[in-house]
Amino acid sequence: MRILAIETSCDETAVAVVEDGRQVISSVVRSQIETHALYGGVVPEIASRQHIESITILAEEALSKANMKKQDVDAIAVTYAPGLIGALLVGVGFAKAVAIGLDKPLIPVHHIRGHIAANYIAFPDLKPPFLCLVVSGGHTLIVDVKGYTEFEILGSTRDDAAGEAFDKCARVLGLPYPGGAAMDKLASGGDTTKYKLPRAKVADNELDMSFSGLKTAVINTVHNAEQKGETIDGASLAASFSAAVADTLVPRTATALEKTGYKKLAVAGGVAANGFLRRELETMAEKLACELYLPPLSLCGDNAAMIGAQAYFEYLDGNCAGADLNAYATMPIDKLFGNK
Ligand code: KG4
Ligand code: ZN
């Protein structure tokens with residue numbers, strides 16, 4: 001089954017053709033980062049407008065790269081939640097029009113379920129159940145992936161997402177938006193122990209996390225240095241921050257592995273590209289004799305191939321939508337609404 005998948009939830013317009021949830025036939029991504037970088041972050045109105053300009057061209061490009069005509073597609077999939085509402089609506093409106101015009105099934109896909117499904121493309125033998133650490137710009141979750149369409153959140157951030165914290169710290173260090181990748185690069189020459197940064201613990205659930213105190217500590221470190229006329233060692237601050245993020249994520253993931261008894265750990269989302277986090281996860285997985293699934297960098301950030309992968313399993317589960325499909329800015333991964 002060949003699915004044409006559309007992703008427009010944030011600042012990347014993406015279209016892909018994916019076969020049977022595992023094989024990418026074509027995948028195109030057009031990033032809007034250069035435009036949003038001028039403003040230091042994503043401007044929702046501009047994002048929607050750029051999706052409108054790009055979506056038809058990218059869909060044609062994805063089909064042409066796949067050597068397919070639109071009639072050859074078996075179903076249309078689209079990210080319908082969560083994300084920027086105006087941006088999501090562009091994809092949903094486009095996908096509806098194509099599905100109705102071609103008289104093909106329309107499959108709504110949760111963006112974070114898509115991030116997890118990137119692992120099905122990268123690792124053809126990976127099947128649920130497994131544990132997944134999801135670290136993106138808007139989400140930080142430890143998820144029990146019980147089945148392809150069955151999820152339980154075991155832990156999550158109480159405030160900022162890991163990616164959001166990376167972006168805000170990058171900004172205070174004068175790095176361009178989105179700062180995660182730039183922080184990663186800067187950190188490679190730094191000393192992880194030079195700046196003492198907090199590792200927050202939250203009450204009630206040992207698997208829950210918090211990043212806002214860490215973010216504030218970095219901002220205060222930079223501002224205090226500025227006030228005293230001292231220079232900041234940017235590389236070491238980026239390294240100390242990356243180490244603190246990993247120290248928050250990795251032990252909790254280890255605890256979740258022990259609690260669930262899983263020996264399979266997948267990682268998903270933009271922050272899964274982080275070099276420091278990847279190395280720490282590798283060390284932890286080795287210690288626990290756990291199979292680690294780290295997708296290639298091209299599948300960590302937003303793309304439509306991951307949406308096409310998850311769509312296949314949603315389709316098998318009967319999760320199709322009608323012409324009344326709407327978009328939703330927020331939606332939990334484990335309890336979908338409005339798609340049946
Ligand atoms: O998953 P994603 O592409 O979009 C969302 O669904 O949010 O994640 C984007 C986030 C941004 O915060 C970005 O700064 C971060 O992922 N990111 C990184 C790295 N590459 C991207 N954070 C740390 N290290 C990286 N190498
Ligand atoms: Zn994403």
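Counting starts at 1 for both ligands and their atoms, following the listed order.
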Any idea which part of [X] is under 4.0 Å from ligand 1, heavy-atom wise: side chain, backbone, both or neither?
{"X": "N274", "value": "both"}
{"X": "E12", "value": "neither"}
{"X": "H139", "value": "neither"}

Within 6.0 Å of [atom1] in [X], more than 12 heavy atoms from elsewhere:
{"X": "E34", "atom1": "CD", "answer": "no"}
{"X": "Y293", "atom1": "OH", "answer": "yes"}
{"X": "K185", "atom1": "NZ", "answer": "no"}

Donor-acceptor pair, [X] side chain versus [Y] backbone, under 3.5 Å?
{"X": "R199", "Y": "V245", "answer": "no"}
{"X": "D208", "Y": "A203", "answer": "no"}
{"X": "R171", "Y": "G179", "answer": "no"}
{"X": "E291", "Y": "A285", "answer": "no"}
{"X": "S54", "Y": "H51", "answer": "no"}

Numbered atoms and elements of ligand 1 in range of [X], under 4.0 angstrom, heavy atoms:
{"X": "A273", "answer": "26 (N)"}
{"X": "G301", "answer": "3 (O)"}
{"X": "G138", "answer": "7 (O)"}
{"X": "G163", "answer": "12 (O)"}

Sub-4.0 Å heavy-atom approach of H111 to ligand 1: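 Checking ligand 1 against H111, which is what was asked, there is a heavy-atom contact under 4.0 Å.
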Polar atom proximity, F166 to ligand 1 (N or O, under 3.5 Å):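 It does not: no N or O of F166 is found under 3.5 Å from an N or O of ligand 1.
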Under 3.5 Å: N/O of G269 near N/O of ligand 1: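 So ligand 1 has no N or O lying under 3.5 Å from an N or O of G269.
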Same apolar cluster (I L V M F W Y, side chains within < 4.5 Å links), V145/Y315: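 In one cluster: yes.
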For atom 19 (C) of ligand 1, the option (of G83, A181, A118) bearing the nearest heavy atom: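 Going through G83, A181, A118 one by one, A181 has the nearest heavy atom to atom 19 (C) of ligand 1.
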Aromatic ring proximity F313/Y120, centre distance under 6.0 Å: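 Yes, close enough.
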Provide, to 0.1 Å, the distance between [atom] and the closest protein heavy atom, together with that atom's residue and name.
{"atom": "atom 7 (O) of ligand 1", "result": "G137 N, 2.8 Å"}
{"atom": "atom 26 (N) of ligand 1", "result": "D184 OD2, 2.8 Å"}
{"atom": "atom 15 (C) of ligand 1", "result": "V271 CG2, 3.9 Å"}
{"atom": "atom 22 (N) of ligand 1", "result": "G180 CA, 3.4 Å"}
{"atom": "atom 3 (O) of ligand 1", "result": "D302 N, 3.2 Å"}
{"atom": "atom 11 (C) of ligand 1", "result": "D167 OD2, 3.5 Å"}
{"atom": "atom 21 (C) of ligand 1", "result": "G270 O, 3.4 Å"}

Between [Y] and [X], is there a salt bridge with N-O shorter than 4.0 Å?
{"X": "E53", "Y": "R30", "result": "no"}
{"X": "R278", "Y": "E282", "result": "no"}
{"X": "E45", "Y": "R49", "result": "yes"}

Point-to-point distance, once rounded to the nearest 0.5 Å, from CD of E61 to OG1 of T56: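 Result: 12.5 Å between the selected atoms.
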Candidate list L299, N303, I121, test side chain to side chain contact (heavy atoms under 4.5 Å, CB included), partner V24, passing option: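 Exactly one option meets the side chain to side chain contact (heavy atoms under 4.5 Å, CB included) with V24, and it is I121.
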Under 2.8 Å from the Zn ion (ligand 2) - protein N/O/S, by chain and number: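 Protein N/O/S atoms under 2.8 Å of the Zn ion (ligand 2): H111 NE2, H115 NE2, D302 OD1.
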